[in-house]
Amino acid sequence: RRQVNPQWRRRAADGGGVNGWQTVLAAQRPADGLAAQLSADGLAAQRPALPSLAEDTARNPAALEAALDLIEGSLLEDFRSAAPPTTEAERIATALGRADLVMRARLIAADIQGRRGDVAELGRRGRIINAWAYEHRHTYLIARSHRLLSIFFRRIGDAGEALAHALRCVEHTTEDMAPRIRAGHYMTLALVLDINGSYSDARERFDTALAIAQHDPAMSLAVLNNMAYTAYEIGDKDAAVGMVERMRAIARTHGVPLDG
């Protein structure tokens, strides 16, 4: 496998790094080492509004579940702002006696912790939630917790375990899950397939993620970002540059700044 200058090594855009999806595009100008970067401010301004956990949410489990959907969907653009409502959602879920919603809030909190760089907490919470999800046959939490564990094992350098969890994540991904969630699961699998040297399989999963995210500019940029990096990493400069051009087109269409 081609060795890449360390300056190109950037965090994966699936929440697996401190800055989450805000990774450097590894192929804009590989000849001189310059890179384009997604603007955090540009996409944060376009993220879904975080829910207000008002009195009706405290009385209505369905409203709380909808709020959790919105919080989870906002992590791609701005995970830091999601922390306070996640804590409040867990409190309300506990008061309602809804263990499933408590676990959903805790899973989001674990995701946020991982994006902040707390790898140990990401793995610890991921294991607890994963065990609970299997015990209660909660398909959504099974898939989501396997995603967290895949990220955890990738972060600690265990590519084999990361792949095993990513495969289980996709195995439990259902069509009724939000497109952004499904696309993220396939992107997580693509990343660990690439790490394990399965480049064609990784490209296939990236393409699946991109197709699912076709109406989601932020997720599309995240997927293309990773595709550009992995293409450059294996020496396919032309493909990498092509991905960057596709990113620029999306950015122009939706008014998202790219730095660099």
**Message:** Donor-acceptor pair, distance only, cut-off 3.5 Å: does the side chain of H254 make one with the backbone of I250?
**Reply:** no
**Complete:** dist N60:CG -> L96:CG (nearest 0.5 Å) comes out at 8.5 Å
**Request:** Check for a donor-acceptor pair, side chain of R98 on one end and backbone N or O of A93 on the other, with a separation under 3.5 Å.
**Result:** no
**Message:** Run the side chain to side chain contact (heavy atoms under 4.5 Å, CB included) test on L141 and Y134 for me, step by step, so that the C-alpha distance in whole Å, both residues' side-chain angles and the decisive distance to 0.1 Å come before the verdict.
**Reply:** CA-CA 8 Å; L141 285 175; Y134 273 106; over 6 Å; no
**Prompt:** Under the 3.5 angstrom rule, does the side chain of R155 hit a backbone N or O of G114 as a donor-acceptor pair?
**Reply:** yes
**Prompt:** Are the side chains of R80 and R115 in touch, meaning some heavy atoms are under 4.5 Å apart?
**Reply:** no
**Asked** Are E161 and R127 ion-paired here, with the side-chain N under 4.0 Å from a carboxylate O?
**Response** no
**Request:** Compare all side-chain heavy atoms of V241 with those of Y232 and state whether any distance is below 4.5 angstrom.
**Result:** no
**Prompt:** For residues H172 and R144, is any side-chain donor paired with an opposing acceptor at under 3.5 Å?
**Reply:** no
**Lys/Arg-Asp/Glu bridge criterion (N-O < 4.0 Å) met for E72, R180** = no
**Message:** Is any side-chain heavy atom of W132 closer than 4.5 Å to one of I128?
**Reply:** no
**Prompt:** Going by heavy atoms in the side chains, are R106 and I129 under 4.5 Å from each other?
**Reply:** yes
**Asked** Does a side chain donor of either D176 or T174 reach within less than 3.5 Å of an acceptor in the other side chain?
**Response** yes
**Asked** Do Y186 and L221 share a hydrophobic cluster (ILVMFWY, side-chain heavy atoms under 4.5 Å, transitive)?
**Response** no
**Prompt:** Side chain of E90, backbone of T87: donor and acceptor closer than 3.5 Å?
**Reply:** no
**Complete:** Here the pair of heavy atoms bringing N130 nearest to S145 is ND2-OG, 2.9 Å
**salt_bridge(D100, R104) N-O dist < 4.0 Å** = no
**Message:** Same cluster or not: I151 versus V119, using hydrophobic residues (I, L, V, M, F, W, Y) connected whenever any side-chain heavy atoms lie under 4.5 Å apart?
**Reply:** yes
**Prompt:** Is there side-chain contact between H185 and I212, with heavy atoms separated by less than 4.5 Å?
**Reply:** no
**Message:** Hydrophobic cluster membership, with links at side-chain heavy-atom distances under 4.5 Å among I/L/V/M/F/W/Y: are I195 and L193 in one?
**Reply:** no
**Request:** Calculate, to the nearest 0.5 Å, the distance between atoms CD and CZ belonging to E245 and R248 respectively.
**Result:** 4.5 Å
**Message:** Do D111 and R147 make a side-chain contact, defined as non-hydrogen atoms from C-beta onward lying under 4.5 Å apart?
**Reply:** yes
**Asked** Would you say the ring centroid of H146 lies under 6.0 angstrom from that of F153?
**Response** no
**Pair M227-L210, side chain to side chain contact (heavy atoms under 4.5 Å, CB included): steps then yes or no** = CA-CA 10 Å; M227 293 175 78; L210 198 57; 4.3 Å; yes
**Lys/Arg-Asp/Glu bridge criterion (N-O < 4.0 Å) met for R168, E171** = no
**Message:** Nearest 0.5 Å, please: how far is CG in L148 from CG in L107?
**Reply:** 4.5 Å
**Request:** Begin with the C-alpha distance, continue with both residues' side-chain angles, and end with the deciding distance and a verdict on side chain to side chain contact (heavy atoms under 4.5 Å, CB included) for F152 and I156.
**Result:** CA-CA 6 Å; F152 167 73; I156 66 172; 3.8 Å; yes
**Prompt:** Rounded to the nearest 0.5 Å, how far apart are CE of M243 and CG of L224?
**Reply:** 6.5 Å
**Prompt:** Which heavy-atom pair separates A105 from A89 by the least distance, and what is that distance?
**Reply:** CB-C, 4.3 Å
**Item:** Exercise: identify the closest heavy-atom pair between S150 and H165
**Value:** N-CB, 3.7 Å
**Request:** Please work out which of the three classes, parallel, tilted or perpendicular, describes the rings of Y140 and H138, given edges at 30° and 60°.
**Result:** perpendicular
**Prompt:** Which atom pair, heavy atoms only, marks the closest approach of A183 to A209?
**Reply:** O-CB, 3.4 Å
**Fill in**
CD of E233 to CG of N226, rounded to nearest 0.5 Å, is 10.5 Å
**Item:** Co-membership, hydrophobic cluster, residues V192 and L149, 4.5 Å side-chain
**Value:** no
**Asked** Is L189 linked to V223 within one hydrophobic cluster, defined over Ile, Leu, Val, Met, Phe, Trp and Tyr using a side-chain heavy-atom separation of less than 4.5 Å?
**Response** no
**Fill in**
Of all heavy-atom pairs linking S74 and A82, the shortest is OG-CB, 3.9 Å
**Item:** T173 OG1 to I181 CD1 distance, which is reported to the nearest 0.5 Å
**Value:** 9.5 Å
**Message:** Any side-chain to backbone donor/acceptor pair from D194 onto A190? Under 3.5 Å, distance only.
**Reply:** no
